[in-house]
Amino acid sequence: MKKYYIIALALLLFSSCSDWFDVAPKEEYIDEEALFSSESAFRNAMNGIYTELRGRDLYGGNLTLGGVEFMGQTFVPDEALKPVADFNYQSALVQGMAESVWEKMYHAIYSCNNLTRLLQKKTDVVFVEGSREMMLAELKALRATLHYELVRLFHPQVTANADFKGVVWMESTTAEPVLLSNRELVTKIVLELTGAIGELKKYDPVTTRVSYNSDALFGTNSADRVWKMNYYAALGVKARASLSLGTAAGYTDARACADAVIDDGYFAFATTAGTDLGFSAEHLWGLAPADTDFSELSDELFVDRGIVLSGVADAVSWKAGAADDLRFKWLTTDLTSMSPKYAATSLVKDTETPARIAMVKLGEIYLIAAEAALEQNDLAGTYGYLSTFVTKRFSRTTLTELSTAEEFRAEICTQYVREFLGEGQLFYAYKRWNLSSIPSYTGGSVDMTNKYTWIIPTN
Amino acid sequence: MIKLLRVKERKSLLLGMLLLGSTAVTMAQTDSRQDVRDSQEKGKVWNMGESLSGEQLRRFHPTDLLKALQVMEPSLRLAGDAELYGSDLNYVPKSIDIRGKKSILGTDMEESAMPLIVVDGYEVSIDRLADFDIHRVKSVSVLKDAAAMAIYGIRGGNGVIVVTTNDIHSGTLRVTYRFDGGVDMADLSSYDLMNARQKLALEKEMGLYEGNEELYQSRLKNGNTNWLEVPLQKPFRHKHQIEVEGGDSTMLYRVYLLATPGNKGIMKGSKRDHYAVGTRLNYTHKGLSISDELRVDVIYSKDSPYGIFMNYMAINPYYRKYAADGVAESVLGEGTFNPQPSPFYETTLSSFSKNRATRVINNVQAAWEITGELTLSGHFAFTKDFNKQDQFVSPKSYRFMGLPIEDSELAGEYGIRRNNTTVYEEKLMLNYRNEFGRHHLNALLGIHSYASKVYSDNYTGVGLASDHMNYISFAQKYAFDRKPGGREFRDRLFGGYAAASYDYDGRYEADAVLRVEKSSRLAPKKQVATSWGINGRWNVHREAMLSGCKRVDRLVLQAGVGVTPGFQFDYNQVNPVYAYDIDNPYLNGAKNNSLGLVTLSQVNHYNPRLKWRSDRNFYVGAELSMWERLEARVRYYNTLSRDLVVLKGNDIATGFAEKWVNDGEIRNAGVEFSLNAGIWKDAEGLSLNLLVNGIANKNELVKVSDYYRLKYNAEYAETGRQLTEGKAVNAIYAVKSAGIDPATGKEIYAGNRGEWSAGDITYQGDPTPKLAGSFGLTGTYGNWDFNCMFRYSFGGKVYNQEAAEFTDMADLNANGPVQMRDKWRKAGQDAKWQGFDNRLTLPTSRFVETRNILSLSSLHVGYRFDAALAEKMYMTGLRVALSCNDLFYSSSAKMERGLIYPFARSFTLSLQATF
């Protein structure tokens, strides 16, 4: 029998030269390896995330003036926006909004996870001392916030239905979506925020007052931090989320976060308006609109389409009761339209740029503190927060230290209506209180059974 | 597949290895020396296994290798736009399908399915194959089945064309001069346009001259100008080649010179002048052989200033080239109701489009016979191609006449595009051969490395004030909104392979190949591809039972199976890429951040685990030679291409609504056959052979993800393309037509309410022909040889887009085919074509036709002078031949051919003199 030779397989001579195969073409777009080799790319990518958020599909429209605000019933919608104000979730308009918000918000979450992945992968890149840690913490807080924004829309209130499942948690770019129950998800979000806050406190220029600006690297002066998720904004979002948990621990947390913001004294209420009708000094975090895009939306609604305030804001009796309230600067002199607040002439004080889209405001912090104190049965505390708030607003209230819990609750509700005109926060407050019916733009009231939850788009 | 070489043949092996290089695949020729000798008998034309000899190819076309190859290899189909570019000298096919489409239409890779082209063991680009000097070719093999392709790996995923160039003849110095010269004439048989009288009559009947009798009369006086002839010429082209070679058993040399100084095309002004110089040196000493080949090619080419041929179809025949004063007008019929920009005017300016290419290649090969059984060989090839294209559009061109005064400085345009390719390719092989009694074994172990870098840049300047300022230096500024562009692309591959071939007694053969490689073009998480193939062969004619049989000379049965990979996606489908959004900064113009906060974001979705295309192939085939006259080959193949890239819907929570996945399958199955029958042989030396070959391929889209199918169908409905599982991937779809309404002249459709609707689109036919190939006669008579070859294709369907475009959507103000006269004109008329107001014809079954093609591709006669006669002329050999190619073309679907550049009938006289 002749011997046959068995042919051996060729051995792969691939040694450490696997880099030899990593070649990216150079065309109009840039590959990851080449791009993320210096800090500026990371900062620019971070800007990219905020640019996604301020688009018309998210905070530049759907989640504020162009959508959710009408759910609060504070404005009388025209034909085009009626389905939103009527909670008509089957309508093409609202379905389209839900799809856009769901898609774009998750894309922003993906971008956060992607940038986190890059920061963790590219350990050899030289960063300004502290900048990397700040960005990682900022992304962590931002991701939790974006998930919470989805929860605020697509979930019922935690206390109403703790087991509801819908919004999924995306831990990383490659992770499987994690489906948690309503309460578990909000708890997880609060936990993520706590971790992020701890890091941000150490590295965020807004607390350390040390900027990470360097040649050609901008945007990290402590004054500039309000344009992005920062330590105080994270505290604010944590306060919001903890408040909605409806547990004693939640209220304690919420009040503690609010106190941390208030006591640090970094922010102050606006005393005069000047051209800064958005009161940007009060913003803990606001998004830069796309040039004049938000003003254009505002003009389109209030000037071109003639959208007016509804009876919910009750501007006339409000003016009668508190004529000096600074917030009247937002309204036209006849108290019907809100066109001045975001008009092209309304400019952010220091930077002279178009009015910010507010994400977290000092006013909300005070109101959260008041509500938390109220839930803890600390009426004195509630009065303290409310009275300070009202005073700073140059407004008036009928409350005294001896007012009842019901009266405090009513006042908080009134202040929510007034403080957040055009900002889309009122709807969330109603949802948190799980009111069975809310005052409608028509003058009557609307039954809110099954109307609080946006419908999650099917793929 | 790998065949064995007898140990006795080892002496010529080394030389063979040097010249053929790389793999055992290219070394194998026949299974006996007897056959080798027989086939070199003068005049006898054999297909040796799968390889075609250069001699044969030259008889089917004297100058164009690709055309000659298509006659003998019906499975090669050039890209769709080959029909548009006709005889354009500067055209290079963008894709060549072998046996059928393997990608789902709509994805980028569909446009560039190109087989691997290997010349003497190293890879060359399709540009080089298009310019390849057919005289250098010794043989060509087209590898289509996995068993043969596997050794070439993923770069050979679309098939392999293996070209082997001529051996160097040893001996005293030998000079060979080859001349190919001839004349080309345009083939306009597919055009039938109206002449001036007909067009004017049509216009008059349609009432365009109401109240304007004067214009009608003046146009009548202009006579007829056949605008299709305006851009054409009958060029005389000539090609000269000189080879000087010689040497002995130690040293062989060859010097090669090529010049085609007058290579013009049938459109005036188009040319492609090719000059080349090459040297080859072989050195052999004891067990070591080294050879080096160096070639430099320089090509100067120009495109015709007459532009696109199709434009001349539209010019009204009552317009003349020159105005009454002898000057070419820029607008014909200015001031009338149908002015037309004159393409002839453009040729009077100094606009041009030219290209200069320089190609250098150096290939070093070496082989070392370590022992009688073991040989180590390798090669190193270095290629550098450099290309520069200049395009100048004169400021006086019609294109700039509409510019407002303030932009008049932007007239004139000069664009430059440069392209640079550098390739390094290396192979190293260890070959073991031995025989033990009746067993023969041949084993091969090799590694292969390929690295290429392609970079290009381009920019356009405008503002060249005069017709004479024809260089980039005269441009005032960059073209508005056309930024400079460029691309840099690297392609790297490293692989190893093992092959083994076993032969028992010359009767039973088996071989197997396995190759593993890593390529930079694959996805980062799936960068290593595997290919393998197994082949078996039974030489039945060697069996005792048949060896006495006088009738059967050869009977071979073979079968093979294997899996080969293929490239199918781009870098940005498997890697994240980003782009700056300069116009959308996060914070702009703020006091502290005067530059704004720049936005950077990811612009694609990607799948780092995307897999290559995997082709599973098996074939069975038989070869039969009988009566020393008949040779038939038939092969059945079945290739299933799996893991095709398509889109799939994705959970939006991941950040993207769609994802690239491997979820498509296409099957190409069919039969290929070829027959060479000696039908006449007489004592006077006349012998005639009948050659027939053909392929019947069936293409089927086996599987595609529903998400992608629906998305694709919605997007491409109005172009007549759809995807349906079970039908051909490039099938034709349209809405069934119910004819033309005699009352309105508009088309009625068989669907709902007679209107066109994407939902009514149905399958109309498969463009793949039922049978296609060539047939013809070849013969010899004494010193004469001749052939007459036809190409045929029958049974495929085609959507007659030309008829739809030029007749159904015809513009009455312009010229067109004579069928325009049969368009609908008034109510009650039963017309074949819609009325003149029709501007858009959506896909309709009315234009789906069967396309049966018959063309006379080659008519050739050659004469070889006797040695004695040649010596009288101081030559050792002289051959003369006359070839006529592409003489006629007939198709059952009447469609204009060569719309961008017409087809040509060519007549070539070839001469080969050896001194």
Side-chain angles (χ1 to χ4, degrees), chain A residues 2-14 17-18 20-32 35 40-41 43-45 47-52 54 102-103 106-107 109-111 113-114 168 170 173 177 216 218-219 221 223-224 227 288 290-291 350-353 457 459, chain B residues 432 436-437 439 441 443 445-447 486-492 494 496-500 502 512 514-516 518-520 524 527-528 571-572 575-581 584-593 595 597-604 649-657:
Chain A
K2 318 291 188 233
K3 242 199 317 195
Y4 291 172
Y5 282 81
I6 311 287
I7 306 300
L9 294 175
L11 291 174
L12 304 178
L13 305 179
F14 314 139
C17 304
S18 57
W20 193 66
F21 294 97
D22 291 331
V23 280
K26 292 193 174 118
E27 290 182 273
E28 303 88 41
Y29 45 75
I30 317 157
D31 72 292
E32 197 171 89
L35 184 60
S40 61
R43 293 212 187 180
N44 293 337
N47 297 336
I49 301 175
Y50 292 102
T51 309
E52 284 183 59
R54 62 122 180 257
W102 185 261
E103 194 185 319
Y106 269 113
H107 192 273
I109 290 171
Y110 167 84
S111 303
N113 280 330
N114 195 36
V168 291
M170 295 303 296
T173 54
F218 303 108
N221 279 328
D224 292 333
W227 295 101
D291 208 11
D350 293 317
T351 53
E352 307 295 318
T353 51
N459 228 8
Chain B
Y432 175 83
F436 318 89
H439 307 272
L441 183 67
L445 213 61
I447 56 176
R487 181 170 197 255
E488 190 192 272
F489 179 76
R490 275 174 236 247
D491 185 357
R492 291 176 178 168
F494 188 83
Y497 52 91
Y502 167 73
L514 176 69
R515 179 173 167 134
V516 181
K518 184 162 169 171
S519 165
S520 65
Q527 243 178 358
V528 177
Y571 181 85
N572 60 346
N575 287 288
V577 292
Y578 302 83
Y580 281 98
D581 198 349
N584 193 14
Y586 178 55
L587 189 62
N588 48 338
K591 272 197 216 155
N592 302 335
N593 307 293
L595 298 175
L597 294 180
V598 179
T599 301
L600 173 68
S601 43
Q602 185 175 328
V603 291
N604 67 337
N650 205 19
D651 184 353
I652 296 184
T654 57
F656 302 100

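Basis for what follows: all heavy atoms, side chains included, without hydrogens, waters or symmetry-related copies. Here is how names work: the chains are called A, B, and so on, in the same order as the sequence lines, proteins then strands, and each is numbered from 1.
Using a 4.5 Å cut-off on side-chain heavy atoms (C-beta onward), B:Y580 and A:I30 make contact. Side-chain contact between A:N113 and A:M170 is present, with at least one heavy-atom pair separated by less than 4.5 Å. Side chains of B:V598 and B:P585 form no contact here, defined as non-hydrogen atoms less than 4.5 Å apart.
Put simply, of A:I109, A:D22, A:V168, A:N114, the one with the most heavy-atom pairs under 4.5 Å next to chain B is A:N114. Of the residues considered (B:S601, B:P576, B:G486), B:P576 shows the highest number of contacts with chain A, using heavy-atom pairs under 4.5 Å. Per-residue heavy-atom pair counts under 4.5 Å with chain B were compared for A:I49, A:T173, A:D31, and the maximum is reached by A:D31. Contacts with chain A were tallied for B:V603, B:T599, B:N604, B:T654; B:T599 has the most, counting heavy-atom pairs under 4.5 Å. Contact count against chain A (heavy-atom pairs under 4.5 Å) is highest for B:N584 among B:D581, B:D491, B:N584.
In this structure, a donor-acceptor pair under 3.5 Å is present between the side chains of A:Y29 and A:E27.
Atoms CZ and NZ, from B:F494 and B:K518 in turn, are 11.0 Å apart once rounded to the nearest 0.5 Å.
Residue A:S111 does not touch chain B at all, counting heavy-atom pairs closer than 4.5 Å. If you measure heavy-atom distances from B:N575 to chain A, you find no contacts under 4.5 Å at all.
A:Y110 and B:F656 have their aromatic ring centers within a separation under 6.0 angstrom.
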